[in-house]
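Since the structure comes first, as structure tokens, the remarks are kept for the end.
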Protein chains: 2
Amino acid sequence: MAVNAAPDQIEPRAPKYYLVKRHLLELIESLEPGALVPTERELTVTLATSRTTVRQALGELVGEGRLVRRQGSGTYVAEPKMTWPLQMTSFTEQAAANGFVASAQLLSAERARATGEAAARLRLPPGAYVYRIERLRLADETPMAVETSHLSVARFPGLIKAVRRASSLYRVLAESYGIKPVSAEETIETRAAPPREAALLGTDTGSPMLVLGRHSFEADGTPVEWVRSWYRGDRYTFVAKLTV
Amino acid sequence: MAVNAAPDQIEPRAPKYYLVKRHLLELIESLEPGALVPTERELTVTLATSRTTVRQALGELVGEGRLVRRQGSGTYVAEPKMTWPLQMTSFTEQAAANGFVASAQLLSAERARATGEAAARLRLPPGAYVYRIERLRLADETPMAVETSHLSVARFPGLIKAVRRASSLYRVLAESYGIKPVSAEETIETRAAPPREAALLGTDTGSPMLVLGRHSFEADGTPVEWVRSWYRGDRYTFVAKLTV
DNA sequence: CTCCCTAAATGGACTAGACGAATTTACATA
DNA sequence: TATGTAAATTCGTCTAGTCCATTTAGGGAG
């Protein structure tokens, strides 16, 4: 297979929608956040193109957090993205570090048999029971992420009742079970928003999301929990601090 | 805290393309990587929908690394994604840790006035000169990322000549200038691929990318370089190891 | 003036089709 | 048999439109 055939003079022709996108980007940069941009139908006329093409350009700019669309109202210049640190602390502490008040809405909490991935991550035998706790994370009342935690039932008996009373899962683990994760592996990838997550986070199905997987461990290497969180890609930039 | 504050039975109706996507996902899971999936026009018929809708579903699956499209040939089940660790080491070392041989192709190297962002990041006065070095990063001959580094001209005189001879920028900094970054802030966000980056990485304009920004510092806090790297979102999952 | 209802405007989803570009296949020819 | 060329196939891009859902603005009733 001929990979890497000297990509020297690569200067591809841009698709038409990309020219529209660049035009809009210039417009955006000349405006303030909150400003209204022309309607899709106006843009089709002034840019001599189809609405599909205009929507493709607008869609990418929305996905990159530069524009916000509001059905029935219009398309607006977005506020700048928020940065969100990746640290070995709880969501509650991370929010506080950013000056927000964190809260959570319990969406569902159930006892279920572990899927293959959850069982492997938690180092459980196939078919073992896990708690599957789904929460909507809020910072200052704004939905931030949809978070699904998986924990071993055998290891944390009665966890669901404790979680219903507390906001911080980490605090429950520490106070009720005496367990404190000390390391974690955090994975990051891009995904398109499923309908449910999109609705919960107030965005559209298919919009780009950042999916964080957190796999946390005790000091002796025992896995504690495995969490998958969906964040809106148009709202957040993640920041990791690294040292040698 | 509002636990269980009636999430309003959010169970949105899925768009039609999403049903198509789920149908394809089942199909994908029943096949091996490399297998051919039905053509777009076949799917249009069997799923009783338009090609646009089929393509929207296929497009998301391609963006998530589940499918690969090849113009003129067909659409295939993709190989699993690769994980890429975020560490305070050079690309060269990261690649070696993953069992790859890293290399780089110099795309451009120029002396230019710093943009507002670059000047701020490198703590330079407005209008100061920076080197802008653009490289295509390869792992085992496969293009992995397009990387644009910014470094102060005043601080690293003659850098371009040194870089032309070496593959590792970090080694040049250490050996020729005696500087070794000891900490870095790495930002991660999602963006749509611009035509140039898409072509260099062998993907389509507009496909989802992970954009890493690396801002590295010396022990005394002086910024050393500011780098922006474009990775294909359909190929890589980033992993950060965190400790308390 | 206040309130409610309707109409207009806007983005959201989808369709059917045209043409182009890249690849693969089939076939004619040497 | 080997090779070059044309045709068919496949994905890539774009168009022009339909219909729906939501929001906003305006007008009428009280």
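What you see below is based on every heavy atom in this structure, not just the backbone, and it leaves out hydrogens, waters and symmetry mates. Letters go in sequence order (proteins before strands), and every chain restarts at 1.
Between B:Glu42 and B:Arg51, no side-chain nitrogen of the basic residue sits less than 4.0 Å from a carboxylate oxygen of the acidic one, so the salt-bridge criterion is not met. Note on A:Lys21 versus A:Glu64: salt bridge recorded, some NZ/NE/NH1/NH2 to OD/OE distance being below 4.0 Å. A salt bridge does not link B:Arg228 to B:Glu147: none of the charged nitrogens lies less than 4.0 Å from a carboxylate oxygen.
Listed by chain and number, the residues in a side-chain contact (heavy atoms from CB on, under 4.5 Å) with A:Ser50 are A:Thr52, A:Thr53 (sequence neighbours excluded). Remark: A:Thr237 engages A:Lys81, A:Thr83, B:Thr187, B:Glu189 in a side-chain contact (heavy atoms from CB on, under 4.5 Å) (not counting sequence neighbours). A search for side-chain contact (heavy atoms from CB on, under 4.5 Å) contacts involving B:Pro15 returns A:Pro195, A:Thr205, B:Tyr17, B:Tyr18, not counting sequence neighbours. Checked against side-chain contact (heavy atoms from CB on, under 4.5 Å), B:Glu225 has the following partners two or more places apart in sequence or in another chain: B:Ser149, B:Leu151, B:Leu169, B:Tyr170, B:Arg214, B:Ser216, B:Val227.
Using a 30° and 60° split on the angle between ring planes, A:Phe100 and A:Trp84 fall in the tilted class, from 30° to 60°.
Looking only at distances, no side-chain donor or acceptor of B:His150 sits under 3.5 Å from a matching main-chain atom of B:Tyr131.
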Collect all protein-nucleotide pairs involving nucleotides 4-8 of chain D in which both atoms are nitrogen or oxygen and the distance is under 3.5 Å.
none

Any N/O pairs under 3.5 Å between the protein and nucleotides 4-10 of chain C? List them or say none.
{"from": "C:dT10", "atom 1": "O2", "to": "A:Gly72", "atom 2": "N", "distance (Å)": "3.2"}

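Listed by first then second residue, pairs satisfying ring pair (Phe, Tyr, Trp, His ring centres under 6.0 Å) with a partner in residues 37-59 of chain B number zero, not counting sequence neighbours. Residue pairs satisfying the salt bridge (Lys or Arg N to Asp or Glu O under 4.0 Å) criterion with at least one member in residues 199-209 of chain A, sequence neighbours excluded, are absent.
What separates CG of A:Asp204 from P of D:dA21 is a distance of 15 Å, to the nearest Å. Taking atom CZ on A:Arg69 and atom P on D:dT23, their separation rounds to 16 Å, with Å as the unit. What separates OH of A:Tyr17 from P of D:dT13 is a distance of 8 Å, to the nearest Å. Rounded to whole Å, the distance from CG on B:Leu36 to P on D:dT9 is 15 Å.
The terminal axes of the helix from C:dC1-D:dG30 to C:dA30-D:dT1, fitted over 5 pairs per end, subtend an angle of 10° to the nearest 10°.
Look at A:Lys16 and you'll find a side-chain N or O under 4.0 angstrom from OP1 or OP2 of D:dT15.
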Show me the donor-acceptor pairs, under 3.5 Å and distance only, between side chains in residues 24-33 of chain B and residues at least two apart or in other chains.
{"from": "B:Ser30", "atom 1": "OG", "to": "B:Leu27", "atom 2": "O", "distance (Å)": "2.7"}

I'd like a table of donor-acceptor pairs (distance under 3.5 Å, sequence neighbours excluded) in which one partner is a side-chain atom from residues 71-80 of chain A, with atom names and distances.
{"from": "A:Ser73", "atom 1": "OG", "to": "A:Tyr76", "atom 2": "OH", "distance (Å)": "2.5"}

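Listed in residue order, the members of residues 45-60 of chain B having a heavy atom less than 4.0 Å from DNA chain C are B:Thr49, B:Ser50, B:Arg51, B:Thr52, B:Thr53.
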